[in-house]
Amino acid sequence: MALYFANSSEGMVPDALAGFARAHADLVVWEREHGFVRARHTSPARRVGLVSGGGSGHEPLHIGYVGAGMLDAACPGRIFASPHNRQVFEASRAVGREGGVLHLVKNYTGDRINFGIAAERLGRQGIPCARVLIDDDVASESDGVAAGRRGTGATVLVEKVLGAAADTGMGLRDLVALGEDLVERCRSLAVASAPHTAPTTGRPAFALSNGALEYGVGIHGERAEHTAAHRPLRDLVGEMTGTLARALRLGRGSSVIALANGLGGVTQLELYAVLGEAARLLDDRGVALERALVGDFVTALDMHGFSLSLLEVDGETLKWYDAPAQAPAWRR
């Protein structure tokens, strides 16, 4: 595997953040001293600031979704590592409103700990703070996984809907209730035919034989519970869609948003085919595909794989999803 184009493995994140801030200077500010990215423009009706974050290497998550109608701030950690609690604390202080601040946290131990420490510090300063824990990955729903389901591809859908809801002036308690409801209505599953490249060595992060798939891989390169044989896309997506539909108890008359998400190393050609197969299977089940997203939204460096996410929706959820937003990775 080739090395990344970088000055050094240690400099990949700060160098990228400097370029990101210049490329999107109309939308975001990189607060270099405290290590977070904040939105230049937000709705005056918003009473609660929204803060998320996590390890780098998943771009455009989370920094790409900072902007009007979405996140007020995001805290990027080192590659595949949680942001420091100081970053979260400073970002929350900077963007908190009269109604406080809401943390959107993917379910990983480091993220939970550091966002939790920041929340305690905010509480001591009298700043209301609450958390929505995102845990959409069905592959990690197992008694053997103590931390529970991981937070993965559906994170961007939760951030979008909550951003629009916050712009209506919704309070902290109601945003938490909405966020927890959204989390229960979304599930994801990811597969990969090749691992990501480790930035420090330029080598594959794990070994995977030709013709094999990691079925249920994590966005940090976590191995799946089992390795499966590569098979035609129709069969693969059929199994994935069926698993997600069962997890959400989708039936005839249900409505969903689908996200066919690239993990960094697959083509648009492949991803549109994934969406096409999933749409066909949902049609067969009588499930209405109300909206669809195709592209790289939550990546894992250069992993050759994709994730499929489904979010069960109603009319109000669709209204918030369709609300305009202006963020570097979401301009619609």
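For clarity, every value in this text was computed on a predicted model and none was experimentally measured. Position 1 is the first residue of the sequence; numbering continues from there.
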| V161 and T317: side-chain contact (heavy atoms from CB on, under 4.5 Å), yes or no, with the steps? | CA-CA 7 Å; V161 173; T317 307; 4.2 Å; yes
| Heavy-atom donor-acceptor pair, Y108 side chain to G151 backbone, under 3.5 Å | yes
| field | Distance-only polar pair, side chains of S92 and H103, donor-acceptor under 3.5 Å | value | yes
| field | Check: S52/E159 side-chain N/O donor and acceptor closer than 3.5 Å | value | yes
| field | From CA spacing to verdict: side-chain contact (heavy atoms from CB on, under 4.5 Å), I79, M12 | value | CA-CA 9 Å; I79 292 176; M12 286 180 70; 4.1 Å; yes
| request: Carefully, step by step, assess L293 and W330 under the rule side-chain contact (heavy atoms from CB on, under 4.5 Å). | output: CA-CA 11 Å; L293 282 173; W330 194 295; 3.7 Å; yes
| message | Closer than 4.0 angstrom, basic N to acidic O: yes or no for D136 and K106? | response | no
| task | Under the ring-ring contact (aromatic ring centres under 6.0 Å, His included) rule, what do F80 and H196 come out as? Steps first, then yes or no, please. | result | CA-CA 12 Å; F80 293 175; H196 69 273; 5.0 Å; yes
| task | Salt-bridge test for R332 and D322: reply yes if a basic N is under 4.0 Å from a carboxylate O, no otherwise. | result | no
| said: Using a 3.5 Å distance criterion without hydrogens, assess whether the side chain of S209 forms a donor-acceptor pair with backbone atoms of A212. | reply: no
| query | Just checking, is any N or O donor in the side chain of R112 or N107 under 3.5 Å from an acceptor N or O on the other one? | reply | yes
| Does the H230 side chain pair with the main chain of G211, one donor and one acceptor, at a distance under 3.5 Å? | no
| Between T299 and E59, is any side-chain donor less than 3.5 angstrom from a side-chain acceptor? | no
| field | Check: T197 main-chain N/O paired with D302 side-chain donor or acceptor under 3.5 Å | value | yes
| query | How far apart are the C-alpha atoms of R40 and V28, what are their side-chain angles, what is the distance that settles it, and do they pass the side-chain contact (heavy atoms from CB on, under 4.5 Å) test? | reply | CA-CA 5 Å; R40 284 192 182 275; V28 301; 5.6 Å; no
| Does any N or O in the side chain of E141 come within less than 3.5 Å of the main-chain N or O of R149, such that one atom is a donor and the other an acceptor? | no
| said: Atom CZ of residue position R97 - does it have more than 12 heavy atoms of other residues, nucleotides or ligands inside 6.0 Å? | reply: yes
| message | Please check: side-chain N/O of T168 versus main-chain N/O of A165, any donor-acceptor pairing under 3.5 Å? | response | yes
| request: Identify the two heavy atoms, one from M170 and one from R47, that lie closest to each other, and give their separation to 0.1 Å. | output: C-NH1, 4.1 Å
| request: Test D137 against S188 for side-chain hydrogen bond (donor to acceptor under 3.5 Å, both in side chains), laying out the working first. | output: CA-CA 5 Å; D137 177 38; S188 301; over 6 Å; no
| query | Do E239 and R231 meet the salt-bridge criterion of a basic N to acidic O distance under 4.0 Å? | reply | yes
| request: Without swapping roles, check the side chain of R185 against the backbone of E312 for a donor-acceptor pair under 3.5 Å. | output: yes
| Side chain of E277, backbone of G238: donor and acceptor closer than 3.5 Å? | no
| query | Counting distance only, does the side-chain N/O of N261 pair as donor-acceptor with the main-chain N or O of V298 below 3.5 Å? | reply | yes
| query | Do N7 and D15 meet the criterion of a side-chain donor-acceptor pair at a distance under 3.5 Å? | reply | yes
| Does any N or O in the side chain of K160 come within less than 3.5 Å of the main-chain N or O of A323, such that one atom is a donor and the other an acceptor? | yes
